[in-house]
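Below: one structure, written as structure tokens.
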Amino acid sequence: MASFTIGDTDFLLDGRPHRVLAGAIHYFRVHPDHWADRIRKARLMGLNTIETYVAWNAHEPQRGEWDASGANDLGRFLDLIAAEGMHAIVRPGPYICAEWHNGGMPVWLTSTPGIRLRTADPVYMAEVTTYLRRVYEIVVPRQIDRGGNVILVQIENEYGAYGSDKDYLRELVEVTRAAGVTVALTTVDQPVDDHLDHGSIDGLHSTGSFGSRVSERLATLREHQRTGPLMCSEFWDGWFDWWGGVHHTTSADAAASELDALLAAGASVNVYMFHGGTNFGLTNGANDKGRYLPIVTSYDYDAPLDEAGEPTEKFWALRDVIAKYADVPAEVPVRGSAAPTFEVALRSHGEWLPAAAAASGHDQPPTFDALAQPSGVIVYETDLPVDAFGGRPTAVLAFGDVRDRAWVSVDGEPVGTLSRTLHERVIPVPAGRRLRVVVEEQGRVNYASRIGELKGLIGGATLGGEPLTGWSAQPVNLAAVAGIVASGVDAEDASAIAPAGAVALSATFDLEAPADLFLDTTAWGKGFAFVNGFFLGRYWRSGAQRTLYVPAPVTRTTGNTVVVLELEQVEAPFARFAGGLDLGQTEE
Ligand code: GLA
């Protein structure tokens with residue numbers, strides 16, 4: 001049986017010094033039929049290991065409904081890595097950050113009243129223990145000392161940036177060891193003294209997360225991790241994007257020279273990301289450091305493999321660097337064939353948002369969390385009291401907080417929008433009867449203290465300064481709506497003129513063969529798109545992202561259906577498929 005241990009100066013594979021050359025691929029961001037392809041390409045860049053987080057909320061969106069099949073089949077992902085002759089590193093969190101919804105934590109967990117996240121709180125730890133045991137049932141038999149390929153498991157994630165509860169870290173280690181994990185355990189922190197101090201405990205091997213100033217970072221790490229190999233567990237070779245921002249790119253040359261410095265210093269590495277993939281569906285996270293910035297659908301990350309799995313300039317630059325230090329296979333990835341470009345007219349299915357149930361009498365609009373709706377859309381309605389207007393044509397409607405975007409209308413007439421990003425929560429509304437507020441949860445914060453915050457219309461509503469009560473709420477199941485739309489009932493030809501407002505649209509198309517597609521969203525406003533029932537994710541005119549990636553395995557030769565659930569306004573009623581990724585404007 002093979003062994004992998006931490007020696008005085010190096011990782012030891014079967015007792016011999018070994019450098020970990022890892023690349024991150026999150027199985028939950030890649031279509032499962034593409035896993036093998038992306039893993040192979042990592043080996044062809046010269047990597048010997050694949051690293052993945054485990055996203056708790058992907059496996060258990062509702063408490064007790066654990067799923068480790070299909071797109072959640074972590075065991076199969078690890079086996080495919082093994083089949084490629086590569087090692088694996090598993091980072092099960094329970095908190096993962098990763099620009100992923102709620103940092104990976106299920107909403108049912110974070111909305112548990114009184115729960116103290118990421119601490120030794122017994123209520124929190126009981127749930128974490130159940131979760132980790134399930135993950136380790138998959139990981140334990142696949143460890144290297146049991147004939148598998150898993151060489152390292154990480155405890156928590158950048159914990160030193162968040163807390164300092166060492167009992168919590170100790171309990172995570174106990175659960176991990178009790179479940180049968182025998183490989184070495186690591187922690188990762190940004191190489192800052194405080195973070196490294198708080199983020200680890202004796203017996204865990206500290207590693208760093210950084211993408212530049214390598215020698216300085218390694219020196220700081222060495223002060224905290226006095227013996228054993230130095231490892232950069234997240235070598236940031238690119239960055240993520242948020243709606244309304246630019247598409248971030250970093251120079252391949254700069255990434256290559258930083259990697260060169262790291263490898264020249266003898267360190268081990270995990271390239272974050274090797275292949276970023278996509279935040280399909282409603283899985284994107286958000287940051288909020290004073291301004292709420294939801295992450296876009298693409299997680300391309302400007303990584304060596306782009307969102308569609310094609311090698312970029314960075315792939316070749318990093319491969320050249322790795323070749324200075326290790327054997328790199330002579331084989332190179334074959335480029336996929338060009339994506340078909342075409343345009344189809346969309347049919348309109350009219351308004352797709354439901355009415356809220358008849359007055360259900362909530363004094364305050366219930367949160368997404370109270371309605372067990374992790375993300376997406378809820379429609380709120382109430383009747384406006386006539387006397388609130390006091391004979392005036394308008395009155396001021398105010399909410400404590402809008403999380404995250406609201407479309408306000410009165411008696412069916414649009415009034416305006418409220419954007420959390422712009423700190424908007426007050427709007428004048430015209431005198432009328434029925435107030436309707438459609439709220440979109442745009443992605444849960446994945447970093448720092450706002451993890452687990454409640455979503456929806458928070459802190460109650462007032463009209464003209466008086467509490468506005470009598471709310472009803474209707475959660476919307478977007479996938480179910482898209483399914484009904486795809487069935488084609490009530491469709492009208494929309495090709496002559498774009499229908500006004502929030503409408504559902506669809507089209508069918510054929511292909512010569514299943515293929516990766518790039519759905520151009522620039523003619524649409526804001527909404528959600530599906531192909532053959534597969535939820536591609538959100539689109540938004542605010543960009544920077546302009547195409548949604550459609551993985552080939554969800555397409556077929558005949559009878560493909562694209563469904564668009566528009567919230568604002570389409571400009572042209574067409575679905576255009578572009579020749580490649582367009583992630584938008586980069587910084588000049
Ligand atoms: C940190 C986290 C990662 C990710 C990166 C930024 O290092 O550990 O999960 O959020 O930042 O992409």
Side-chain angles (χ1 to χ4, degrees), residues 22-29 50-58 89-105 117-118 152-163 169 172 186-192 194-196 198-200 204 206-214 217 220-221 231-242 245-250 255 258 262 269-279 283-289 293-305 307 314 443-451 583:
I25 304 175
H26 300 151
Y27 60 96
F28 44 89
R29 283 180 156 133
I50 300 291
E51 177 275 320
T52 185
Y53 282 127
V54 180
W56 184 355
N57 54 5
I89 299 173
V90 181
R91 304 200 290 165
Y95 164 74
I96 63 169
C97 193
E99 292 70 67
W100 187 253
H101 200 250
N102 226 15
M105 300 224 179
L117 303 173
R118 305 181 74 191
L152 293 169
V153 168
Q154 182 181 295
I155 297 295
E156 249 280 351
N157 191 71
E158 290 192 340
Y159 184 63
Y162 179 86
L169 294 177
L172 290 177
T186 60
T187 53
V188 68
D189 280 289
Q190 290 160 40
V192 175
D194 265 11
H195 291 207
L196 284 160
H198 295 152
S200 202
L204 301 182
S206 292
T207 71
S209 49
F210 53 90
S212 59
R213 288 153 60 195
V214 164
R217 311 294 202 193
T220 308
L221 180 60
M231 177 157 182
C232 177
S233 282
E234 284 181 31
F235 172 70
W236 300 323
D237 59 356
W239 208 239
F240 52 85
D241 298 343
W242 49 87
V246 295
H247 171 47
H248 294 94
T249 56
T250 58
E258 296 288 354
L262 196 57
V269 66
N270 175 42
V271 173
Y272 188 100
M273 298 294 298
F274 167 70
H275 170 52
T278 309
N279 297 313
T283 58
N284 65 284
N287 280 295
D288 190 339
K289 299 175 180 171
L293 299 171
I295 304 297
V296 300
T297 300
S298 173
Y299 199 64
D300 178 89
Y301 216 82
D302 197 29
L305 281 196
E307 185 182 8
K314 210 170 268 172
R444 302 233 175 195
V445 171
N446 56 266
Y447 187 73
S449 58
R450 285 181 177 272
I451 299 158
L583 299 175

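Model, not experiment: these values are computed from the prediction. First listed ligand is number 1; within each ligand, the first listed atom is number 1.
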Under 3.5 Å, N or O to N or O, is Asn157 touching ligand 1 that way?
-> yes

Note: ligand 1 atoms sitting under 4.0 Å from heavy atoms of Ile96 are 9 (O)

Just by distance, with hydrogens left out, do Ser233 and Gln154 show a side-chain donor and acceptor under 3.5 Å apart?
-> no

Short side-chain to backbone donor-acceptor contact, Asp237 and Met273, under 3.5 Å = yes

min-distance protein heavy atom vs atom 2 (C) of ligand 1 -> Glu234 OE1, 3.4 Å

Member of Asn157, Val54, Ile96 meeting the side-chain contact (heavy atoms from CB on, under 4.5 Å) criterion with Arg91 | Asn157

Tyr53 to ligand 1: N or O pair under 3.5 Å?
-> yes

Phe240-ligand 1 polar pair, N/O distance under 3.5 Å | no

Tell me: protein heavy atom nearest atom 12 (O) of ligand 1, and distance?
-> Tyr301 OH, 2.6 Å

Trp236 near ligand 1, heavy-atom distance under 4.0 Å?
-> yes

Output yes when the distance from some N or O of ligand 1 to some N or O of Ala98 is under 3.5 Å, and no in every other case.
-> yes

Could you point out which residue of Thr207, Thr186, Thr187 forms a side chain to side chain donor-acceptor pair (under 3.5 Å) with Ser200?
-> Thr187

Less than 4.5 Å apart, any side-chain heavy atom of Leu152 and any of Glu51?
-> no

Using 30° and 60° as the class limits, which term best fits the ring planes of Tyr272 and Tyr299: parallel, tilted or perpendicular?
-> perpendicular

Counting only heavy atoms, which portion of Trp239 has something under 4.0 Å from ligand 1: side chain, backbone, both, or neither?
-> side chain

If you measure from the Lys or Arg side-chain nitrogens to the Asp or Glu carboxylate oxygens, is any gap between Glu258 and Arg217 under 4.0 Å?
-> no

Closest protein heavy atom (residue, atom, distance) for atom 10 (O) of ligand 1 | Glu99 OE2, 2.6 Å

